[in-house]
Structure formats: structure tokens, C-alpha cells
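Scroll down for the structure; my scribbles are underneath it.
Here is how names work: the chains are called A, B, and so on, in the same order as the sequence lines, proteins then strands, and each is numbered from 1.
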Number of protein chains: 2
Amino acid sequence: MKEITIDKAWRGAERCKNCAIRHLVLFSDLSHQDFDRIHQPIDDLEYEPGTRLYHQGEELRYVYTVRSGLIKLVQHLPNGTQRIVRLLRQGDLAGLEGLGGQVADHDAVTLDHASVCRIPVPVIRDLQRETPNLHDSLMRRWQKALSGADNWITRLSTGNARQRVARLLLLLDEASTDDSFFLPTREDMGAMLGITTESASKVTADFRRRGWLKPLGGHRAWIDARALQEEVD
Amino acid sequence: MKEITIDKAWRGAERCKNCAIRHLVLFSDLSHQDFDRIHQPIDDLEYEPGTRLYHQGEELRYVYTVRSGLIKLVQHLPNGTQRIVRLLRQGDLAGLEGLGGQVADHDAVTLDHASVCRIPVPVIRDLQRETPNLHDSLMRRWQKALSGADNWITRLSTGNARQRVARLLLLLDEASTDDSFFLPTREDMGAMLGITTESASKVTADFRRRGWLKPLGGHRAWIDARALQEEVD
DNA sequence: CCGGGGAATTGAAAATCTTCAATGCATCCC
DNA sequence: GGGATGCATTGAAGATTTTCAATTCCCCGG
């Protein structure tokens with residue numbers, strides 16, 4: 001795990017003021033003086049694929065803003081099976097539940113290379129107490145997380161395997177600014193869709209043979225969105 | 001639809017102060033003077049089974065607190081299929097997304113007879129601006145809704161039909177204070193679990209034949225939680 | 001008490017998905 | 001370059017689920 005730490009708290013806040021994607025992140029509504037209330041370092045971290053930011057059941061001392069990359073939230077069942085319940089991308093928050101003092105509901109694991117801001121929970125608590133500007137922003141995050149979860153159920157956990165894979169590919173495609181997107185392993189696709197690795201593989205391979213999905217190397221791919229959309233309807 | 005409306009705003013607030021389940025609802029942390037800030041009527045409503053509180057895409061003028069009964073949140077896909085993404089019970093909120101000005105993400109429909117408090121969105125907005133007491137309470141609601149959604153994915157949308165039905169019955173049983181619980185129609189069970197009505201029926205009937213599920217009439221039932229729990233593991 | 005009607009159940013055949021095992025492919029690391 | 005390794009792919013058999021079409025059951029109103 002590479003980790004580029006900003007040592008001084010003020011430098012962290014300074015960086016936040018000038019953050020290139022500040023309009024997307026939690027602090028979008030803060031005034032410049034609000035940033036002066038930040039007394040603990042906000043670190044800007046880079047993670048390799050497969051890094052676990054925290055795991056289910058752990059105390060959450062930080063909340064994480066995704067600057068780039070994809071993060072999976074994995075939930076484990078008592079019987080040992082596991083399920084990916086959401087994907088986080090640019091602007092999304094991981095570890096929101098830490099704000100209420102709860103332990104982590106999931107494992108958070110980077111899928112590809114990811115760039116993440118790590119914000120100490122007390123920083124957000126303090127800001128929240130002293131300025132109202134954060135509330136709307138936070139509520140939008142909760143709202144977004146919840147609608148993400150709902151979509152996961154209706155789009156990715158409903159219908160047959162072909163439809164689910166098609167919807168997942170469309171979702172990954174939309175999420176990308178690029179015209180290519182990150183293609184997860186078949187195992188992860190299975191865990192997202194509630195199907196086996198092999199089923200995910202069979203459908204994916206079929207889409208590829210039909211020319212609707214083109215792997216571009218380096219875990220990236222392109223899709224014929226129109227064709228896949230038809231598959232869904 | 002029966003509707004018992006409290007005409008005067010202050011009466012609504014007065015009722016809130018003395019609400020028997022106030023510790024469970026949104027206003028648990030408010031001080032007595034906070035209630036004086038309420039300038040629009042909070043109505044206490046009774047709904048028959050199958051009543052729709054609002055539908056997907058509609059502007060949300062109210063947020064609803066469930067006092068008793070069960071409410072399903074139904075999401076429709078463009079292709080016409082629909083999926084139940086959550087069940088709300090005592091203390092849960094429906095229409096949370098209205099606080100951010102969004103349109104409704106779902107249809108909200110009562111499953112059984114339900115008693116609900118209808119709170120105008122501006123009431124919550126005003127309270128939120130003028131007192132910080134509501135914030136924690138609200139955040140806990142978001143958190144709870146989100147963890148409900150996650151559970152829906154991992155427990156009710158994972159595994160084979162038997163496991164899903166078993167988990168649903170266990171969840172309904174836990175949700176009930178009583179030792180009996182509300183047993184949904186097979187169609188609703190299917191929509192919750194992402195399986196067909198017939199599959200839900202076949203599994204349910206099998207559980208009944210094994211003596212693990214006993215219908216008690218009036219859409220209520222009892223389960224052998226231990227036996228069903230084994231089925232899940 | 002007696003239909004009527006919606007919901008539930010059931011069966012059989014077809015479709016889909018999983019399982020398990022084998023093989024192929026790409027990439028990473030000397 | 002060349003294995004080694006981890007994914008991905010594929011096939012065949014078995015299990016599960018869906019589909020579609022009957023019944024059957026149960027509750028409600030007359």
C-alpha cells in the first residue's frame with residue numbers, strides 16, 4: 001500500500017480548499033473559514049488494487065472520500081458467503097456509518113488503483129456542530145448511498161443472469177467518464193449479482209463473442225451500450 | 001382510506017410530546033420548546049391494507065413515521081418489472097428522500113393495517129435549521145435505512161429460494177413484538193426475494209408441511225425459528 | 001349457509017443456473 | 001523467453017427455478 005501522507009493538519013485543509021474535485025466531495029459547501037476548524041490531518045492516500053480500507057465489524061475512525069477508482073463494499077454472512085452490496089466511485093463516501101459511532105457494516109476494498117481522502121471522524125463531527133453548511137452535503141451523501149443500494153437491488157439482483165450482467169456492464173460504463181471502464185473479475189461480478197463465478201463468466205464470454213463487449217487489456221473494456229440495453233428490456 | 005386528521009398544528013405537536021412511541025420516532029431528541037416551532041399540522045393517520053402513501057416519481061410533501069403495521073417500498077424498472085426493496089416497521093421513516101427535495105424513489109404501500117404520522121417536509125426543515133437536536137436522530141434514520149437495504153441484498157437476495165424464504169420469515173418474525181407475525185402474500189414474497197410467486201408458494205408450502213410454519217389466519221403466522229435458522233446455515 | 005373470486009397450491013416440462021472438472025489464456029517475474 | 005500462477009472459459013450433468021395451466025383453498029358478502 002502506497003501512502004502519501006500530508007503531515008500538517010493545516011496543509012490538509014489547505015489542500016481541501018483547492019481540491020480539483022471539491023464540487024464533488026463532502027466539503028463542497030464549506031466556507032474558507034470553515035476549513036480553519038479542521039484540527040486533525042486529512043490525508044490523501046493512494047491504494048493499490050485489492051487494498052482493504054477497513055473491515056466489517058471494525059471501529060471506524062475515518063470516513064473516506066473516493067477521488068478516483070472503484071471501491072467495493074463487501075458484506076459477510078454468518079454462513080460464510082459474501083456479497084458485494086455496492087460500488088463506490090468518485091465523490092462517494094465510505095464508512096459513513098462511522099459518523100454515528102457504529103462499527104463498519106462492510107469490508108471496503110479497492111477494485112482498481114484508487115485515490116482516497118481519509119477524513120478523521122472527529123473532524124466531521126466538529127464541523128457538523130459548528131457550521132450548518134455540512135448538513136445538506138451529508139444528507140445528500142446518505143441519500144445517494146441509499147438510492148445506490150436500492151438500485152443494486154432492483155437492477156443487479158433482479159432478472160436472469162444475462163440481464164444482471166448486462167445491467168452491471170451498463171452501470172460500470174455510465175460510471176466512467178472515459179469511454180472505457182473497469183471490468184471486474186468474474187468472481188467479483190458474481191458476488192455483485194448473486195450468481196456464480198462461472199455463470200458470470202459464461203454470460204460475459206457470450207457478450208464478447210457477440211461483439212457487445214470488447215476487453216481492452218488492463219482490466220478495462222468497452223461495451224455496445226445499445227445492444228446491452230436491448231438485452232435488459 | 002380512513003384518515004383521522006388533527007386540525008390544529010399545536011394539537012399535532014402536543015400529541016407528539018406525549019406520543020407513546022416517541023422514543024422510537026424522529027422527534028425523540030426534541031425539547032419541549034422545540035415542539036413550539038412546529039407550525040404545520042402533523043397528522044396521525046390510519047391506513048387500510050394496500051393503501052399507497054405516495055408513488056415513485058412523485059414530489060414528496062411529507063415524511064411518514066410508521067407507528068404500527070408494515071409498509072413496503074416498491075421500485076419499478078423501465079421494463080415493467082417491480083421489486084420490493086425494503087419493509088418499514090415501527091419507528092421507520094418513509095419518504096426520507098423528500099428532505100433533500102428529491103422525488104420519491106419508490107411506491108410506499110401499506111401491507112397490513114398501518115398507523116402512520118405524516119410530517120410536512122417544511123416542519124423538519126425548519127426544526128433542522130433552528131435546533132441541532134434533530135441531526136443525530138435523522139442521521140440514525142439514514143443509517144438504519146441504509147443498513148436495512150444492505151441486509152436486503154445480503155440476506156434476501158442471496159442464496160437459493162429456500163434460504164431466501166427462510167430468511168424472510170425469520171426477519172418478519174424478529175420484527176414482530178408478538179410471537180406471531182404478518183405473512184405477506186406469495187406474490188409480495190416473490191417481489192421481495194427476486195423469485196416467482198410460484199417458487200415462493202412452493203417453498204412456503206413445504207415449510208408448512210414440515211411444521212416449521214403455521215398460518216394462524218388473518219395473514220398472520222408462527223414459525224419454528226430454530227428449524228428455519230438451520231435451513232439458512 | 002352458500003357461492004364467487006382472489007389467492008395459494010400443485011404438477012409437468014422447459015429453461016436457467018450451479019457444480020465440478022478440465023483446459024486455455026494472459027501476465028508477471030525472473 | 002519461459003514457466004508459474006491466477007483467472008477465465010468451457011462442457012456436461014445435475015439441481016433449481018420458471019413457466020403455464022389446472023385445481024384447490026379460503027374468506028367475504030349476501
Side-chain angles (χ1 to χ4, degrees), chain A residues 48-50 72 79-84 109 111-113 156-169 182-221 231-232, chain B residues 48-50 72 79-84 109 111-113 156-169 182-221 231-232:
Chain A
E48 295 173 35
K72 62 178 174 182
N79 76 14
T81 58
Q82 59 182 58
R83 183 86 197 255
I84 298 175
V109 180
L111 276 189
D112 52 355
H113 181 89
L156 302 187
S157 307
T158 305
N160 61 29
R162 286 181 74 77
Q163 296 173 313
R164 293 189 195 189
V165 172
R167 290 207 194 93
L168 174 59
L169 294 175
F182 179 84
L183 185 66
T185 66
R186 304 303 170 271
E187 189 176 2
D188 276 344
M189 289 175 66
M192 293 179 207
L193 303 174
I195 61 181
T196 59
T197 303
E198 292 90 338
S199 291
S201 176
K202 281 167 191 175
V203 175
T204 305
D206 181 61
F207 285 170
R208 182 170 40 65
R209 278 189 291 269
R210 291 170 190 267
W212 300 344
L213 169 72
K214 293 195 190 303
L216 304 175
H219 282 212
R220 298 198 70 80
E231 195 66 20
V232 163
Chain B
E48 295 174 35
K72 60 177 173 182
N79 76 14
T81 59
Q82 59 182 58
R83 182 83 197 255
I84 298 174
V109 181
L111 275 189
D112 52 355
H113 180 91
L156 301 187
S157 306
T158 304
N160 62 29
R162 285 181 76 78
Q163 296 173 314
R164 295 189 195 187
V165 172
R167 289 208 195 91
L168 174 60
L169 294 174
F182 179 84
L183 186 65
T185 66
R186 304 303 171 268
E187 189 177 2
D188 275 344
M189 289 175 64
M192 292 179 209
L193 303 174
I195 61 181
T196 59
T197 303
E198 290 91 338
S199 291
S201 176
K202 281 167 193 178
V203 175
T204 305
D206 181 60
F207 285 169
R208 182 170 39 67
R209 278 189 291 268
R210 291 170 191 268
W212 300 344
L213 170 71
K214 294 196 189 303
L216 304 174
H219 282 214
R220 298 198 71 79
E231 195 67 19
V232 164

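Of the residues in residues 157-169 of chain A, those with a non-hydrogen atom less than 4.0 angstrom from any atom of DNA chain C are A/Asn160, A/Ala161. Less than 4.0 Å separates DNA chain C from at least one heavy atom of each of the following residues of residues 201-210 of chain B: B/Ser201, B/Lys202, B/Ala205, B/Arg208, B/Arg209.
Under the salt bridge (Lys or Arg N to Asp or Glu O under 4.0 Å) criterion, the residue pairs touching residues 185-198 of chain B are B/Lys72-B/Asp188, with sequence neighbours excluded. Within the structure, the salt bridge (Lys or Arg N to Asp or Glu O under 4.0 Å) test picks out the following pairs touching residues 159-168 of chain B (sequence neighbours left out): B/Arg162-B/Asp206, B/Arg162-B/Glu231. A ring pair (Phe, Tyr, Trp, His ring centres under 6.0 Å) check over residues 187-212 of chain A, counting only residues at least two apart or in different chains, returns the pairs A/Phe207-A/Trp212.
Checked against side-chain hydrogen bond (donor to acceptor under 3.5 Å, both in side chains), A/Thr197 has no partners two or more places apart in sequence or in another chain. Residues meeting the side-chain hydrogen bond (donor to acceptor under 3.5 Å, both in side chains) test with B/Thr204, sequence neighbours left out: none. Legend: residues meeting salt bridge (charged side-chain N to carboxylate O under 4.0 Å, His left out) with A/Lys202, ordered by chain and number and at least two apart, are absent. Considering only residues two or more places apart in sequence or on other chains, A/Thr158 meets the side-chain hydrogen bond (donor to acceptor under 3.5 Å, both in side chains) condition with B/Arg83.
Annotation: side chain of A/Met189 is in contact with side chain of A/Leu168 (closest heavy-atom distance under 4.5 Å). Taking 4.5 Å as the limit, every side-chain heavy atom of A/Leu111 sits out of range of all side-chain heavy atoms of A/Thr185. In this structure, B/Val165 and B/Ile195 have side chains that are in contact, with non-hydrogen atoms separated by less than 4.5 Å.
Using a 4.0 Å cutoff to heavy atoms of chain A, the contacted part of DNA chain D runs 5' to 3' from D/dA8 to D/dA12.
Across every non-hydrogen atom of B/Ser157 and A/Ser157, the tightest pair is CB-CB, 4.0 Å. What you find for A/Leu213 and A/Ala221 is that their closest heavy atoms are CD1-CB, 3.9 Å.
Each end of the helix from C/dC1-D/dG30 to C/dC30-D/dG1 gets its own axis, taken as the rotation carrying the C1' atoms of four end pairs onto the next four within a five-pair window, and the two axes meet at 40° to the nearest 10 degrees.
One can place CZ of B/Arg186 at 18 Å from P of C/dG6, the figure rounded to the nearest angstrom. We find that CD1 of B/Ile195 is positioned 18 Å from P of C/dT16, with the value rounded to whole Å.
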Report, as a single string ordered 5' to 3', how protein heavy atoms within less than 4.0 Å touch nucleotides 21-30 of chain C: B base, S sugar-phosphate only, - not at all. ----------
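Contacts of B/Ser199 with the nucleic acid, taken as non-hydrogen atoms under 4.0 Å apart, include base atoms.
Interatomic distance, CG of B/Leu156 versus CD1 of B/Ile84, reported as 10.5 Å (0.5 Å rounding).
Along DNA chain C, the nucleotide closest to B/Thr185 and the one closest to A/Thr196 are compared, and the more 5′ of them pairs with B/Thr185.
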